[in-house]
Amino acid sequence: MVLSTDHVGRRFKQREAVHDISLNVYAGEFFGLLGPNGAGKSTLLKIWTTLLPPTSGRAFVDGYDVVHQKAEVRRHIGVVFQESILDDQLTAAENLRFHALVYGLPVALRAKRMAEVLQLVGLADRARDRVRTFSGGMRRRLEIARGLLHTPRLLFLEEPTVGLDPTTRAQIWSYTSTFARQRD
Ligand SMILES: Nc1ncnc2c1ncn2[C@@H]1O[C@H](COP(=O)(O)OP(=O)(O)OP(=O)(O)O)[C@@H](O)[C@H]1O
Ligand SMILES: [Mg+2]
């Protein structure tokens, strides 16, 4: 089991953002969270990615507690948030190198992993271009490459295909299913 969620809830004062969620996700699986605006999806994502503690229940990523073992959880996940976290002024390769540094990816592995993820998302020929020259879909694909660089056990994608054309959307599902198959 890669993700286990046991009666998780989150309150903000009187407002209950997440109510009693229990679910398990296994290696190689895709899990999608659907719901109207304000349903609590982003709040649950923050709990799973250790950015916000639940006010009830417990959650585990690869067996690590999202409240008590934050550092271990973070090492084992990749996250692509709705808002871009790429540096526009840097090239695609520089953005990845920065991520590798933050995650402590061994230098000996770095070039190989960078080439692999850029290849996966079809950006190998754009590695030396600055991100500010990228289209929305290309940025999104680079974000996914970044999220996969440190070989996470689990990749979280927030609103993964919003604003993307049907082709890029299909490509994103294809990269993520390749990733899921490699992981199971
Ligand atoms: N920091 C916060 N303080 C107070 N209330 C919050 C906070 N974060 C979220 N909420 C509330 O929690 C509820 C769920 O919000 P959340 O962002 O999780 O929804 P969502 O399902 O991601 O919606 P969307 O589809 O619009 O992105 C909302 O009522 C929101 O106002
Ligand atoms: Mg949201």
Side-chain angles (χ1 to χ4, degrees), residues 1-27 29-88 95 99 102-103 117 121 131 134-150 152-177 179-180 183:
M1 201 186 314
V2 208
L3 179 64
S4 109
T5 309
D6 185 24
H7 296 287
V8 163
R10 173 71 209 199
R11 281 191 161 279
F12 296 102
K13 301 210 172 88
Q14 290 314 304
R15 183 178 299 127
E16 190 175 36
V18 173
H19 174 75
D20 194 27
I21 301 287
S22 294
L23 60 90
N24 295 323
V25 180
Y26 295 86
E29 276 185 352
F30 268 99
F31 183 84
L33 205 53
L34 304 178
N37 295 145
K41 306 177 296 293
S42 295
T43 303
L44 192 53
L45 180 70
K46 283 183 190 139
I47 293 171
W48 281 332
T49 55
T50 79
L51 299 179
L52 185 78
T55 45
S56 56
R58 302 177 74 187
F60 302 87
V61 170
D62 229 14
Y64 297 109
D65 190 313
V66 299
V67 174
H68 302 293
Q69 295 171 291
K70 282 191 193 142
E72 287 85 350
V73 170
R74 289 176 189 182
R75 257 200 293 282
H76 290 84
I77 61 174
V79 194
V80 179
F81 288 105
Q82 195 168 357
E83 309 80 36
S84 171
I85 62 159
L86 298 169
D87 189 324
D88 259 22
N95 268 283
H99 179 88
V102 170
Y103 274 81
V117 294
V121 301
V131 170
F134 281 16
S135 73
M138 291 167 66
R139 280 165 197 260
R140 205 67 189 154
R141 280 147 55 194
L142 182 59
E143 297 261 13
I144 292 174
R146 189 195 54 74
L148 293 174
L149 190 64
H150 57 287
R153 284 283 291 158
L154 180 61
L155 178 68
F156 290 100
L157 300 161
E158 184 177 26
E159 310 278 1
T161 58
V162 164
L164 301 180
D165 67 35
T167 310
T168 311
R169 210 174 267 231
Q171 285 169 346
I172 282 176
W173 294 132
S174 143
Y175 316 141
T176 43
S177 59
F179 166 72
R183 296 268 73 98

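Remember, it's 1-based here, ligands and their atoms both numbered in the order they're listed.
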A.B. asks: Decide whether Thr50 and Arg74 meet the rule of one side-chain donor and one side-chain acceptor closer than 3.5 Å.
C.D. replies: yes

A.B. asks: Parallel under 30°, tilted from 30 to 60°, perpendicular over 60°: which one fits the rings of Phe156 and Trp48?
C.D. replies: parallel

A.B. asks: Which protein N, O or S atoms does the Mg ion (ligand 2) have within a distance shorter than 2.8 Å?
C.D. replies: Ser42 OG

A.B. asks: Give me the ring orientation class for His150 and Tyr103: parallel if the planes are under 30° apart, tilted from 30 to 60°, perpendicular past 60°.
C.D. replies: parallel

A.B. asks: Which heavy atom of Glu158 sits nearest a heavy atom of Ser42, and at what distance?
C.D. replies: OE2-OG, 2.5 Å

A.B. asks: Is any side-chain heavy atom of His7 closer than 4.5 Å to one of Ser56?
C.D. replies: no

A.B. asks: Check step by step if side-chain contact (heavy atoms from CB on, under 4.5 Å) holds for Thr176 and Leu155.
C.D. replies: CA-CA 9 Å; Thr176 43; Leu155 178 68; 4.2 Å; yes

A.B. asks: Contact between Arg139 and Asp88 at the side-chain level, heavy atoms closer than 4.5 Å - yes or no?
C.D. replies: yes

A.B. asks: If you measure from the Lys or Arg side-chain nitrogens to the Asp or Glu carboxylate oxygens, is any gap between Glu143 and Arg140 under 4.0 Å?
C.D. replies: no

A.B. asks: Could you pull out every protein residue that has a heavy atom closer than 4.0 Å to ligand 1, ordered by chain and then number?
C.D. replies: Phe12, Arg15, Ala17, Pro36, Asn37, Gly38, Ala39, Gly40, Lys41, Ser42, Thr43, Glu159

A.B. asks: Has Tyr64 got more than 12 heavy atoms of other residues, nucleotides or ligands less than 6.0 Å from its OH?
C.D. replies: no

